[in-house]
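Here is the structure we will look at.
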Amino acid sequence: MADDDVKEKVKEISPAWEPAAIISDKLNLRRRSVNNVIKLLDDGATIPFIARYRKELTEDMGPDLLRDVANNLEELRTVEAKIGNVYNAIKKMGKMNNILETSLKFSTSILEVESLYAPFKPGHKGTYAERAKALGLEPLAQKILDGKAVNLNSAVDTSKAGLESVKDVEKGVKHIIADIVSKHKELIDEARRIFKSSKITLESTKAKAKVEKEKKTKKGNSGTPKKGSTTKAQAIQEKSINKFEQYFDFKIPVGQAKAHQILALNRGEDLKIISVKISIPDIVKTKFINFALDKQIRNTMNQENSTILRSAVVDAYDRLIEPMLSRQMRAELTKDAEKASISVFTSNLKRLLLTPPVKNKTILGIDPGFTNGCKIAVISPTGQILETGVMYLHTKRDKKEEMRIASLVHNYRCEIITIGNGVACRETEQIISNMIKYGSFKPHSVVYCIVDECGASIYSVSDEAKKEMPDLDPTLRGAVSIARRLQDPLAELVKIEPKHLGVGMYQHDLNKTKLQNALSSVVEECVSFVGVDLNTCSESLLRRVAGLNATKANKILDWRSQHGQFTNRQQLLTIKGLGQKGYEQCAGFVRIMHFQTTGATRLVDVKEEIKVEEETGTKKGRKRKADSTAGPSKGKKAKVSVNENWNPLDATSVHPESYDLTHLLARHLNVNLCDIGSKEFMTKVKERATDYCLKDFCDKNSAGFATVRLIADALQQPLSYDLRESFQKPLFKQEIQSVNDLHPGVELTGRVTNVTHFGAFVDIGVGINGLVHTSKMGCHGPVGVGDHVLVSVQNIDIGKQRIGLLLKGFALK
C-alpha cells in the first residue's frame, strides 16, 4: 500500500479530544496558554525563545514547564498516530463498529489503544486458545457465554489429540473463554480499577540462581581456599552483588516506591541478582471474579455452564489478566521513574553548566597521575595555552618537580591551581597544600580547587579536541580542559556529551532518546540564557544557541573569518542559510560585546543616532524595519542591507524585535540609551521603572507588561552581565583535611556534587563524597549541584567508602 494512501486513511479518524485540553488538565495550566505554546512549537519556536520572549502568550511559563508541555504534546501525538493505525487495521479486517470507533476516539494513552486492539491482534499459533479454536471448539465456548445448553460429548473425537475425552473438550472450551475474558474491554477496565484501588506491593528477594550458586561455592570451599583463588572478575561481581544487598528482602507499597528504587530493582533483575514481583492481595482476584461472573452467569441457569464459566474466569485471571496487569504496572512504574530521573539529571546538569566562571585569572591545571606523571597546563585569562608538560610529583624526585611547579606559578603569575578529582587527586592535593602552607609560591597568593574531571578523557580524544588542539598530546588536552572548566565551565562543558558529566543516576537504564533530548534542551537553555559573544564564541557554544545548529554555526564563523568581527546583530541576516526564523530564534541570545579598533568611532556614531531617534522618533539610516524578524519570510528571500554601526542594545538581552519599544521606554523613563551600561544609567532605570510606571507605559503604547518588564530589567544590568554570577562560585582551599581526621559530630563546609531522589552527595575534601540523605536535610533543603553547604558527620564506614552527613545549612557565598 502506498504511503499516501496510508496517510489518507489515518485522517479518517480524529481523537475526540484536543491536546491543549488534556495537557492543561494534567499540568493545571490555562488551556489558552497551552494552546499558544503548542502553536509556537509547531511554528518552530524553541523553548528558550518562548520562555524569554513570549511571556504574554504563555503566562510566564518557565523552561521546565514548557518542556513538560512539549513532552506531553509529543506523547499525545504518538497516541493520535496509534489511533489512526489501529483504526485502519481493524477497518481493514471489516470489524470496525460505532462503539469501537468511539472508544478509540476517546483513548488518551497508548495503553488504552493497545487494550482496544488486543482482541483483533492475530494470535500466536501456539496459544491454548488458538489450538482449541483450530479444533473447532469456538462455537461451544460461545454458546456457554450466551447461556445456552451444550453437550460436550458431541465434540469428543478419540482420533484427534485435544478432543479425546470430555475432559479434553472442556479444557479447550475453558481456554477459549479465558482468552475472550482477558480481551473483554469492560472486564479489563474493571480489573484495572480494582487493581489500582488496592494495596499492591513491590517485592524483591535474592535470585534463586544466586542463592544456589552461593551454596555450591560454600560447599566446594569447605577446605582452605587456594591463594589467589578469587579472580578479579569474581571480585567485581561480588562488589556488584553487594550494591543490591538492601533489595534481598525488600517490600514497599507501589505508591511509595521512589524512582531510584524502581531503577535499582530493574537493574538488579536484569543482572539476575534479585527477583522482583508485584504482590497482589487475594481480594483483587475475588472482586474481579465476582464482577465477571455477575456479567456472564446472570444469562444462564445451567449449573454445568456456571461451573465451566467460573473455572474459565479464574484461569483467565491467574494465567492472563494478573500477569498482564503486573507487567503494565511495572512498565508504568519504570516510565514514571525514568521521567523523575531525567528531571533530576537535567536539574543537576543545569546547575553544573551555570557554575560561575572564574574570570581574569591565570590558571595552572593539573591532571593527576602516579606512574605516568601529572599532566599540567597553564592557561591565560583568555583561555590561551601558555605551557604544558608532565611532572612526576609522586616519585623520588618529587622535590625537584615541586620546584618546577613553583617556577611555573612565578613565571606566569598563576593565582589558582586546579586539580582533577581522578586517580592521585588527594596525593597531589596534599603536595599543593603543603607548598602553599610552607610558602613555596610567595610572594604570590595562591589557592587551589578540586575540579570534577568527568568526561575530560573522552573529550581529549574527540574530533573536537583534535581540531582545537591538533599539536597537543591527548593526555595534555585533559589538563587544559581541567583548567578551562574553572575559567568558563559552560564554554568547556558543552564540548562533552552531558551523559559523561557524572551528574545523573542510572542513566544507562533510561530511554536514550528521551534522555538525550532532555539534556540537549537544557544545554540549549543554559547557553542561550547566558548568551554568547558573536566575536569570541566557539562553534561548540554557538551551535547550541536556540535556533542554531552545527551547520548554521559554521556559516556564522565562516562569515566572521571572511568579513572580520560582527558590529551588530542585523549582519546575521546577510548570512545565507540562517533565514528569518533562525534569526528570530537566536538574535536575542547572541551579543556584540567586542568590536574592531574602529569600533569607538562607530559607538560615537550610534550614540548620535540614538539621540536623533529619541528626539525625532525616527530611525536614521535604517533600511529595514526592526520588527520584520517576527515570522518566516514567504517566497524568494529578499536581499538584506544593513549598516555597520554598533548598537549598544546588541550587547543586552533585549530582542531586536523590541528595539523600537525600548527607545520609547527610554523616553518614558527619561534616560539616554547612549549611556546604557553606566552606573548612573542603571540607577535611574532602577528608580524609575516601578510596576506602576511600566503599567502606565504599557497602557499608552499597547505593550505587554512581561515584555516591557524584561526590557527594563535588561537596562538595569551592566553590558557584561552574566546570570551565572548569582550562583555560588567554586570552593577554593589552601589546606587539606584527611578522612582519618573525621569523627561523628565534626562540622565541615562542602560542595554539592550530585543530587538524587534519596539525597545529595557532598565533597567535603577528604577523597570520599559524603551523603546527606533526604531524611537528614531537615528544613534546609532542597540543595542543588554547586551549592556550598555546612554539614556535620553522622557516621563513617571507611571500608565501604561511606560517610553519612547531616545538613546544617548553606555556607556563605
Side-chain angles (χ1 to χ4, degrees), residues 111-112 114-146 150 152 155 161-205 208 254 269 275-297 300 304-333:
L111 184 63
E112 290 179 78
E114 287 285 3
S115 298
L116 290 170
Y117 186 43
F120 304 95
K121 278 186 176 180
H124 298 290
K125 293 181 180 180
T127 64
Y128 293 142
E130 288 294 331
R131 293 176 192 174
K133 288 177 182 179
L135 292 172
L137 297 178
E138 190 170 10
L140 284 177
Q142 192 58 53
K143 283 184 178 181
I144 292 176
L145 288 172
D146 294 339
V150 296
L152 299 181
L163 299 176
E164 295 171 328
S165 66
V166 173
K167 188 176 181 180
D168 290 334
V169 172
E170 182 179 325
K171 187 176 181 180
V173 168
K174 286 179 182 178
H175 285 153
I176 294 173
I177 295 174
D179 183 64
I180 293 172
V181 168
S182 70
K183 294 177 179 178
H184 192 288
K185 184 179 185 302
E186 186 178 359
L187 296 182
I188 295 303
D189 287 346
E190 180 63 16
R192 285 201 182 94
R193 188 196 66 76
I194 298 170
F195 200 72
K196 291 182 178 180
S197 63
S198 302
K199 295 180 180 179
I200 312 297
T201 58
L202 186 63
E203 301 178 7
S204 65
T205 56
K208 290 182 179 180
V254 291
E269 189 175 43
S275 296
V276 184
K277 71 171 185 176
I278 296 286
S279 182
I280 305 167
D282 294 338
I283 189 65
V284 174
K285 179 178 179 179
T286 301
K287 287 182 178 180
F288 172 77
I289 291 172
N290 290 339
F291 178 83
L293 292 176
D294 182 58
K295 281 284 181 183
Q296 297 297 334
I297 294 180
T300 179
E304 184 179 354
N305 284 3
S306 298
T307 302
I308 293 174
L309 270 174
R310 174 176 288 277
S311 180
V313 170
V314 171
D315 179 51
Y317 179 84
D318 290 340
R319 186 169 54 85
L320 302 171
I321 296 174
E322 184 180 289
M324 177 190 69
L325 293 177
S326 295
R327 287 194 300 271
Q328 289 177 353
M329 177 160 282
R330 286 290 301 276
E332 288 177 4
L333 288 172

Heavy-atom pair of closest approach, residues Val173 and Ala141:
CG1-CA, 3.8 Å

Looking only at non-hydrogen atoms, find the nearest pair between Ile321 and Ala191 and report the distance.
CG2-CB, 4.1 Å

Examine distances only and state if a side-chain atom of Ser311 and a backbone atom of Thr307 form a donor-acceptor pair shorter than 3.5 Å.
no

Shortest non-hydrogen contact from Arg192 toward Leu325
CG-CD2, 3.7 Å

For Leu202 and Ile278: C-alpha separation, side-chain torsions, deciding distance, then whether side chain to side chain contact (heavy atoms under 4.5 Å, CB included) applies.
CA-CA 5 Å; Leu202 186 63; Ile278 296 286; 3.6 Å; yes

If you count the non-hydrogen atoms of other residues, nucleotides and ligands that lie under 6.0 Å from NZ in Lys143, is the total more than 12?
no

So that I can tick it off, tell me whether Glu170 and Lys167 are bridged by a salt bridge, with the cut-off set at under 4.0 angstrom between side-chain N and carboxylate O.
no

Return the CD to CZ distance between Glu332 and Arg327, rounded to the nearest 0.5 Å.
13.0 Å

Where do Tyr128 and Arg319 land on the side chain to side chain contact (heavy atoms under 4.5 Å, CB included) test, with the steps shown first?
CA-CA 11 Å; Tyr128 293 142; Arg319 186 169 54 85; 3.5 Å; yes

Do side-chain atoms of Asn290 reach the backbone of Thr286 as a donor and acceptor pair under 3.5 angstrom?
yes

Ion pair Lys171/Asp168, N-O distance below 4.0 Å
no

Minimal non-hydrogen separation, Ala178 against Ala316, with atom names:
O-CB, 3.5 Å

Reference residue Ser182; test side chain to side chain contact (heavy atoms under 4.5 Å, CB included); the match among Asp315, Val313, Leu320:
Leu320

With side chain to side chain contact (heavy atoms under 4.5 Å, CB included) as the test, would you mind laying out the steps for Leu145 and Leu309 before giving the verdict?
CA-CA 8 Å; Leu145 288 172; Leu309 270 174; 3.7 Å; yes

